[in-house]
**Q** 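Can you read through this structure? Questions will come right after.
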2 protein chains.
Amino acid sequence: MTTPTQSPRSDTRARIIDVALELFAEHGYEKTSLREIADRLGVTKAALYYHFKTKDDIVRGIVEKMAAPLDDAIAFGEGKEWSPELRDELLRRFAAGMGERAPLLRFFHENQPALRESAAGLAFKDRMIKMITLLHGPEPTFRDRLRATVALTSVHSAMFLLKADPCMEPGARPAAGSPTLDEAMEAALEVALEVAARIEPSAH
Amino acid sequence: MTTPTQSPRSDTRARIIDVALELFAEHGYEKTSLREIADRLGVTKAALYYHFKTKDDIVRGIVEKMAAPLDDAIAFGEGKEWSPELRDELLRRFAAGMGERAPLLRFFHENQPALRESAAGLAFKDRMIKMITLLHGPEPTFRDRLRATVALTSVHSAMFLLKADPCMEPGARPAAGSPTLDEAMEAALEVALEVAARIEPSAH
DNA sequence: GTCTATAGTTTGATAGAC
DNA sequence: GTCTATCAAACTATAGAC
């Protein structure tokens with residue numbers, strides 16, 4: 001067991017990561033200043049620099065803390081022989097893991113320009129590409145790789161729809177009401193499974 | 001006919017739009033400074049401000065000039081009664097129009113945080129949502145709206161794949177070589193049609 | 001571990017000459 | 001229509017006291 005005298009696992013560092021991801025996802029990486037993060041936490045900018053060397057280092061912290069479900073899914077799929085069942089199980093694990101970490105996925109998709117020059121951002125992108133590779137299996141066609149990619153992005157698209165204005169026209173009914181996050185994720189997984197179902201690596 | 005003495009339709013303004021979109025798509029809106037745009041054009045920042053009132057006004061210029069194919073597709077679909085044939089024709093027009101304007105789509109998808117506070121950005125988003133609505137027709141379920149959204153994003157996903165490193169592992173073959181832009185767009189349309197095919201607005 | 005204070009840079013935008 | 005010169009503001013990051 002851990003020492004009782006030890007503080008609750010560097011609480012501030014964890015809080016910085018949480019607040020930063022929240023702001024990065026909502027307002028974007030570039031538009032979120034360290035001052036905003038510090039203010040929301042009730043500390044000063046300098047305090048942030050005690051825990052993280054640079055702004056980009058916070059991104060590193062975010063990815064390291066939040067990408068665990070993605071790594072788990074990759075570890076589960078890696079080494080196994082490809083099969084339709086494996087493919088579907090990977091999608092289920094991805095949807096379950098990322099659905100609970102919606103801000104991370106949003107941050108990744110909507111801040112590509114900032115993440116493109118970030119080591120941590122590229123590391124996350126590599127994980128996504130690895131996930132795509134596991135999904136389509138060996139000797140894929142371009143269409144197979146595209147289907148795998150589209151399947152993964154359907155989770156993000158579902159979130160986009162949730163955020164988008166539900167009532168768009170005065171005449172149109174608000175499309176079966178606003179679904180909950182869980183319902184949206186369920187729909188995302190269903191569509192993802194549909195798209196991925198036509199992946200057939202042996203038919204090259 | 002237009003006056004012969006008139007200059008070639010304000011060449012500089014058009015060049016600013018082209019260069020700005022190119023840089024915005026490649027390096028992102030926030031990371032692209034007006035100095036960079038001016039330098040590449042061989043002018044100064046002040047010259048930019050003669051043609052555009054603010055940086056965001058350049059975005060407005062981009063959308064107004066480049067979103068024409070999208071408006072055409074919307075105009076084509078609006079007022080018509082929904083049918084599977086209309087749905088597919090809309091997807092074909094969208095893919096054809098946006099495939100030729102790949103940077104615009106990339107700019108839109110990868111710079112949401114910046115565009116979220118931009119009037120021009122919101123106008124483009126409205127067009128996309130309108131396109132989604134035309135695709136799924138009346139009384140959609142959330143799944144239908146999601147399928148319509150995913151179908152539209154497949155064009156962007158195809159471009160993501162094209163940019164992503166083709167050779168990912170030492171052992172893996174580079175997935176049927178690097179396809180051309182046209183081949184990628186053809187694949188994107190095929191996947192989009194697949195995804196949209198299960199939209200059935202009457203089965204609510 | 002957190003603070004004050006500030007260095008040092010870059011940015012978007014403006015004024016006015018030509 | 002393009003230039004030079006400049007502004008105020010905002011940012012990341014650092015130094016050093018407590």
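Each chain gets a letter, A, B and so on, in the order its sequence line appears, and its residues count up from 1. All values below come from the heavy atoms of this structure, side chains included, with hydrogens, waters and symmetry mates left out. Fair warning: this is a prediction, and the values are worked out from it, not measured in the lab.
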**Q** Test of understanding: with side-chain hydrogen bond (donor to acceptor under 3.5 Å, both in side chains), list the residues that count as partners of A:Glu26, not counting sequence neighbours.
**A**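 A:Glu26 satisfies side-chain hydrogen bond (donor to acceptor under 3.5 Å, both in side chains) with no other residue.
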
**Q** If the condition is side chain to side chain contact (heavy atoms under 4.5 Å, CB included), which residues does A:Tyr50 pass it with, not counting sequence neighbours?
**A**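 If we apply the side chain to side chain contact (heavy atoms under 4.5 Å, CB included) test to A:Tyr50, skipping adjacent residues, there are no hits.
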
**Q** Below 4.0 angstrom from OP1 or OP2 of D:dG1, is there any side-chain N or O of B:Thr12?
**A**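 Looking at the OP1 and OP2 atoms of D:dG1, neither is under 4.0 Å from any side-chain N or O of B:Thr12.
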
**Q** So, is B:Tyr50 near the phosphate of D:dG1, with a side-chain N or O under 4.0 Å from OP1 or OP2?
**A**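 Checking D:dG1 against B:Tyr50, a side-chain N or O does come within under 4.0 Å of OP1 or OP2.
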
**Q** Check this one for me: any side-chain N or O of B:Thr44 less than 4.0 Å away from OP1 or OP2 of D:dC3?
**A** yes

**Q** Is the Lys NZ or Arg CZ of A:Lys31 less than 6.0 Å from the centre of A:Phe24's six-membered ring, within 45° of the axis?
**A** no

**Q** Are the side chain of A:Arg101 and the backbone of A:Met66 linked by a donor-acceptor contact shorter than 3.5 Å?
**A**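 Yes.
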
**Q** Using atom types as modelled and distance alone, determine if a side-chain donor or acceptor of A:Thr32 lies under 3.5 Å from a backbone N or O of A:Leu23.
**A**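 It does hold such a pair.
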
**Q** For nucleotides 11-15 of chain C, print each protein N/O atom paired with a nucleotide N/O atom at under 3.5 Å, atom names and distance only.
**A**
residue: C:dG12; atom: OP1; partner: B:Lys55; partner atom: NZ; Å: 2.9
residue: C:dG12; atom: OP2; partner: B:Leu34; partner atom: N; Å: 3.0
residue: C:dG12; atom: N7; partner: B:Lys45; partner atom: NZ; Å: 3.4
residue: C:dA13; atom: OP2; partner: B:Tyr49; partner atom: OH; Å: 2.8
residue: C:dA13; atom: OP2; partner: B:Lys55; partner atom: N; Å: 2.9
residue: C:dA13; atom: O5'; partner: B:Tyr49; partner atom: OH; Å: 3.1
residue: C:dA13; atom: N6; partner: B:Lys45; partner atom: NZ; Å: 3.0

**Q** Would you check if the side chain of A:Gln112 reaches a backbone N or O of A:Phe108 as a donor-acceptor pair within less than 3.5 Å?
**A** yes

**Q** Quickly work out the B:Leu48 CG to D:dT2 P distance and round it to whole Å.
**A** 10 Å

**Q** Just how far, in rounded Å, is C1' of C:dT2 from CG of A:Asp39?
**A** 15 Å

**Q** Please state how far atom CD1 in A:Ile37 lies from atom P in D:dA13, giving the value in whole angstrom units.
**A** 11 Å

**Q** Nearest to the side chain of A:Ala47, which nucleotide is it out of C:dC3, D:dC3, D:dG1?
**A**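 Nearest nucleotide to the side chain: C:dC3.
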
**Q** Mind calculating the distance between CG (B:Leu41) and C1' (D:dC3) to the nearest angstrom?
**A** 15 Å

**Q** Quick one: A:Phe52 CZ to D:dT12 C1', roughly how many Å, whole number?
**A** 16 Å

